[in-house]
Amino acid sequence: MAASRVSVLTSPLLSDFRCNGRLRWMQCRRFGNERVCVDLCVCVCDGGDTAVTAVCLSTGSSCDTPRAQELQVSPVLSERLQVFESLIEKRGIKERVEASEKPLSIRLADGRTVKGKAGVTTPLFVAQSVRVKGALVSKVNGELWELGQPLEADCELQLLGFDTVEGKQAAWRTAACVLGGVLGVFDAEVCREGASEHGFYCDHLKDNSALSLSDVEDRCKEAGALKLPLSRLLLNVEEVRELFQSSNLRLQLVEEQMNGPTVAVYRCGDSIGVCTGPLLPHTGFLKAFKMLQLSPVTLANQTESSGLMRLFGVAFPGEKDKAEWEKEQEEARRRDHRRIGTDQELFFFNDVSPGSCFFLPKGAHIYNRLTDFIKSEYQRRGFTEVMTPTLYSTALWERSGHWEHYSENMFTVTSEGSQTYALKPMNCPAHCLMFEQRVRSWRELPLRWADFGALHRNELSGALGGLTRVRRFCQDDAHIFCTPEQLEEEIVACLDFVRNVYQVFGFSFHCLLSTRPTPCLGEPEQWDSAEQQLERSLQHFGERWELNPGDGAFYGPKIDIQIRDAIGRQHQCATIQLDFQLPIRFDLQYVGRDGQLHRPVMIHRAVLGSLERMIAILAENFGGKWPLWLSPAQVTVIPVGGNNASYAKQVVRQFREAGFMADFSDDEGATLNKKIRSAQLAQYNYIFVVGDKESESGTVSVRSRRGKQLGRRPSEEVLKSLTQLRDTRSNVDEF
């Protein structure tokens with residue numbers, strides 16, 4: 001069979017060509033024969049739609065093999081590819097960016113400057129020229145930028161690897177593209193693909209035949225080795241409907257993903273899907289894949305099974321990265337807060353109230369210590385606590401705008417008269433009601449109101465997971481009403497609040513300034529002013545921060561604070577958000593110095609965020625070894641011999657009266673060593689051993705949780721030292 005004529009376009013990664021008017025491309029390796037065709041092979045259609053031939057560009061000869069036949073595409077996908085290519089032609093978009101070749105200057109993060117040409121030089125070229133290894137994505141003047149996308153003007157360039165959140169997400173989005181193509185080989189219809197903080201996934205429909213995770217892994221690795229390039233195209237709603245007209249479910253899910261007028265669609269080989277961010281230049285950047293789980297997917301507003309299945313996995317630039325991930329996963333399993341909660345009897349869940357936690361006495365102790373900590377900071381920082389109802393008429397939510405945008409996530413009840421009420425998922429509308437109860441003066445501002453009220457959100461059952469995602473929770477929620485002139489000072493004070501709290505936990509953190517999204521509410525001038533004020537506040541604060549373009553809330557810009565725990569994982573807990581819309585919707589006003597009415601600025605602020613989620617993060621950060629001030633097992637007293645039980649109980653009473661969680665070890669059948677070991681496994685911070693000498697002298701022999709003997713000391717002296725450690729919230733073990 002003679003191959004069609006191949007017209008090679010310039011690309012070191014891919015050879016494009018047209019055959020019978022249809023663009024088809026794919027790189028290949030060995031197709032069952034002895035010839036190794038790496039980076040120089042393409043698969044072309046010859047004559048009909050089903051004949052496939054592998055052609056080696058180095059020799060021009062064809063490689064007809066059964067393996068090549070597997071690369072055939074279905075009529076549905078063939079039509080989709082035609083539509084995709086027609087959209088490219090319709091817009092006049094070329095694979096290569098038109099090069100103006102205007103000289104440009106590229107400043108790197110380490111201070112070096114590289115010269116380039118506009119429309120020609122890419123971040124990938126820069127990374128190669130300065131010998132930076134492992135780059136997966138970049139930031140150009142703070143904006144995420146694909147490595148293969150040519151630079152347009154003088155800029156500051158950051159090269160980001162797999163050790164960054166952005167690099168990992170780019171890798172996993174690309175892996176989802178690879179998996180989408182691989183699932184087509186297994187006769188599965190891909191309906192949605194994406195990436196999360198934990199990996200990548202593809203939601204798909206398939207007949208009853210089961211998927212082998214190992215087979216999928218192997219195929220993904222093969223696809224990665226082909227170094228297939230990825231191209232993206234922004235489409236509007238009408239174009240999306242044309243592209244995915246053959247699949248109603250796919251189209252429905254794509255439209256749900258759209259939060260603006262356009263959505264990005266990618267092509268990887270013969271696979272087409274939706275992506276939500278930058279991708280890698282080609283699939284060869286991914287060397288290792290691991291499929292983790294296959295599970296059913298419950299769609300929103302559906303009670304019956306849709307038949308949709310989610311295949312979830314992770315991918316890596318190299319085997320070393322995969323090995324490190326597996327090691328981290330083992331450590332994470334050891335630190336899992338659900339295991340710690342069970343082992344230490346902190347909390348449990350029950351199907352009678354799905355997604356709502358039952359805190360046992362020890363868990364409630366941790367919960368209360370956290371709230372006490374925040375309340376003590378409130379007193380120092382001018383916050384006052386308020387208490388608001390849990391159940392509200394829908395009239396409040398309609399007024400605030402939440403009913404239109406958030407009602408499906410709210411629990412509702414109907415009372416007599418068919419009046420509908422909803423459990424509050426947030427506190428802000430109630431605080432606006434409180435503000436408007438009477439005329440406010442500029443002399444009262446800023447008003448800083450804090451609320452620990454219980455919140456309820458109707459999370460999907462499949463999204464629930466221990467304390468990290470629940471339906472009933474409390475957060476250290478606060479709202480600040482201030483004048484525009486007070487805004488910058490209040491933001492700096494909020495940031496200082498965050499820093500002081502996170503230093504106590506030993507967390508390192510950095511800030512993200514999230515700017516206006518598309519679409520957004522409010523005037524552009526208002527957004528510009530607010531973003532500039534937040535930026536000045538961050539500069540004054542002095543900690544590391546980054547720009548996060550387009551990720552603000554629709555009602556105002558925000559500062560998100562990301563913490564790093566003991567095993568390097570990042571979590572977002574604290575947030576500081578400006579809100580332009582609620583003061584307008586509730587027509588909030590105050591009388592200014594000039595006697596005129598003015599609109600206050602509203603700040604949403606949380607430091608711990610959800611207390612439930614923070615307890616999960618702290619449990620895993622400390623590995624269940626709670627610092628003394630938080631610990632639900634602070635002291636245990638072990639008597640040596642029955643004659644000293646009375647003195648041991650006296651010591652227990654002494655410490656309990658001082659507010660400590662102190663216990664008496666009454667396992668008479670166990671040896672002293674076994675009692676000490678049991679106390680260490682129970683994660684008691686301090687173990688007091690009392691025998692005859694201690695009873696006679698009023699002392700205790702102190703051991704730390706780590707087994708270090710701190711010596712025999714008077715019980716009053718020990719009580720004083722531990723009280724100081726507890727009250728200063730120290731993480732030190734020795735005293």
Side-chain angles (χ1 to χ4, degrees), residues 18-26 43-45 48-52 69-91 93 173 176-194 200-209 211 216 219 223 228 230-276 279 294 296-302 304-311:
R18 294 195 174 275
C19 176
N20 297 340
R22 179 177 304 167
L23 181 66
R24 292 290 309 282
W25 46 267
M26 182 173 290
C43 298
V44 301
C45 56
D49 289 339
T50 59
V52 178
Q69 299 300 321
E70 295 181 15
L71 299 172
Q72 299 174 31
V73 297
S74 67
V76 169
L77 185 52
S78 177
E79 182 181 354
R80 190 171 295 169
L81 290 167
Q82 281 185 299
V83 172
F84 186 88
E85 294 305 323
S86 70
L87 289 171
I88 290 180
E89 293 174 358
K90 178 176 156 185
R91 293 191 179 189
I93 296 176
R173 279 191 293 268
C177 300
V178 173
L179 179 58
V182 165
L183 286 175
V185 177
F186 292 93
D187 297 323
E189 179 189 351
V190 177
C191 300
R192 179 169 56 190
E193 57 277 283
F200 65 91
Y201 62 87
C202 277
D203 296 340
H204 61 279
L205 295 170
K206 194 178 184 305
D207 57 25
N208 294 328
S209 60
L211 276 175
V216 174
R219 289 299 182 102
L228 301 173
L230 295 105
S231 55
R232 294 201 306 157
L233 183 64
L234 286 178
L235 303 182
N236 59 35
V237 176
E238 290 74 20
E239 291 167 333
V240 166
R241 289 172 179 168
E242 181 185 3
L243 185 65
F244 296 112
Q245 59 185 305
S246 60
S247 174
N248 292 333
L249 181 56
R250 168 65 123 165
L251 184 58
Q252 173 194 330
L253 296 176
V254 172
E255 291 180 348
E256 288 177 2
Q257 284 180 271
M258 296 182 71
N259 54 8
T262 61
V263 67
V265 175
Y266 72 86
R267 176 175 179 175
C268 177
D270 282 335
S271 173
I272 291 179
V274 174
C275 63
T276 56
L279 301 170
L294 183 64
V297 176
T298 302
L299 297 177
N301 302 321
Q302 285 194 4
E304 297 182 1
S305 172
S306 61
L308 203 62
M309 299 295 291
R310 171 165 294 184
L311 183 54

Margin query: Looking at every non-hydrogen atom in both residues, tell me the closest pair between Leu81 and Asp270 and how far apart they are.
Written below: CD1-OD1, 3.5 Å
Check: Any side-chain heavy atom of Val265 within less than 4.5 Å of one from Leu87?
Finding: no
Next item on the list: Flag the pair Phe200 / Arg173 as yes when at least one side-chain heavy-atom distance between them is below 4.5 Å, and no otherwise.
Entry: no
Item checked: Lys206 side chain near Leu211 side chain, heavy-atom distance below 4.5 Å -> yes
Notebook entry, point to check: Mind checking what makes side chain to side chain contact (heavy atoms under 4.5 Å, CB included) contact with Arg241, not counting sequence neighbours?
Noted result: Val237, Leu251, Glu255
Next item on the list: Evaluate the side-chain contact (heavy atoms from CB on, under 4.5 Å) criterion for residues Leu179 and Val216: first the C-alpha distance (whole Å), next the side-chain angles of each, then the deciding distance (0.1 Å), finally the verdict.
Entry: CA-CA 8 Å; Leu179 179 58; Val216 174; 3.5 Å; yes
Notebook entry, point to check: If you take all heavy atoms of Leu230 and Cys268, which pair is closest and at what distance?
Noted result: CD2-CB, 3.9 Å
Note to self: I'd like to know if Glu189 pairs up with Arg250 as an ion pair, taking the criterion as any Lys NZ or Arg NE/NH1/NH2 lying under 4.0 Å from an Asp or Glu carboxylate oxygen.
What the structure shows: no
Checklist line | Heavy-atom closest pair, residues Leu279 and Cys177 | finding: CD2-SG, 4.0 Å
Item checked: Asn248, CG: over 12 other non-hydrogen atoms inside 6.0 angstrom -> no
Next item on the list: Using the test salt bridge (Lys or Arg N to Asp or Glu O under 4.0 Å), find all partners of Arg80 that sit at least two apart in sequence or belong to another chain.
Entry: none
Checklist line | Spacing of CD belonging to Glu242 relative to CZ belonging to Phe84, to within rounding of 0.5 Å | finding: 12.5 Å
Next item on the list: Determine whether Glu239 and Thr262 make a side-chain contact, defined as any pair of heavy atoms from C-beta on separated by less than 4.5 Å.
Entry: no
Note to self: Any heavy-atom pair between the side chains of Arg192 and Cys202 that's under 4.5 Å?
What the structure shows: no
Notebook entry, point to check: Going from OG on Ser247 to CG on Leu205, what distance comes out if it is rounded to the nearest 0.5 angstrom?
Noted result: 7.5 Å
Next item on the list: For residues His204 and Ala188, report the shortest heavy-atom separation together with the two atoms involved.
Entry: CD2-CB, 3.9 Å
Note to self: How close do Gly180 and Val190 get, counting heavy atoms only, and between which atoms?
What the structure shows: O-CG2, 3.6 Å
Next item on the list: Take Glu85 and Arg267 through the test salt bridge (charged side-chain N to carboxylate O under 4.0 Å, His left out) and record every step on the way to the result.
Entry: CA-CA 10 Å; Glu85 294 305 323; Arg267 176 175 179 175; 2.5 Å; yes
Margin query: Before you tell me yes or no, could you show the steps for Tyr201 and Leu311 under side-chain contact (heavy atoms from CB on, under 4.5 Å), namely the whole-Å CA-CA distance, both residues' side-chain angles and the distance that decides it to 0.1 Å?
Written below: CA-CA 5 Å; Tyr201 62 87; Leu311 183 54; over 6 Å; no
Item checked: Closest heavy-atom pair and its distance - Gly194, Ala176 -> O-CB, 3.6 Å
Item checked: Test item: Val274 and Phe244 side chains (from C-beta on) under 4.5 Å apart, heavy atoms -> yes
Check: Side-chain contact, heavy-atom cut-off 4.5 Å: Leu253 with Cys191?
Finding: yes
Check: So, the side chain of Glu193 versus the backbone of Asp203: is there a donor-acceptor pair under 3.5 Å, distance only?
Finding: no
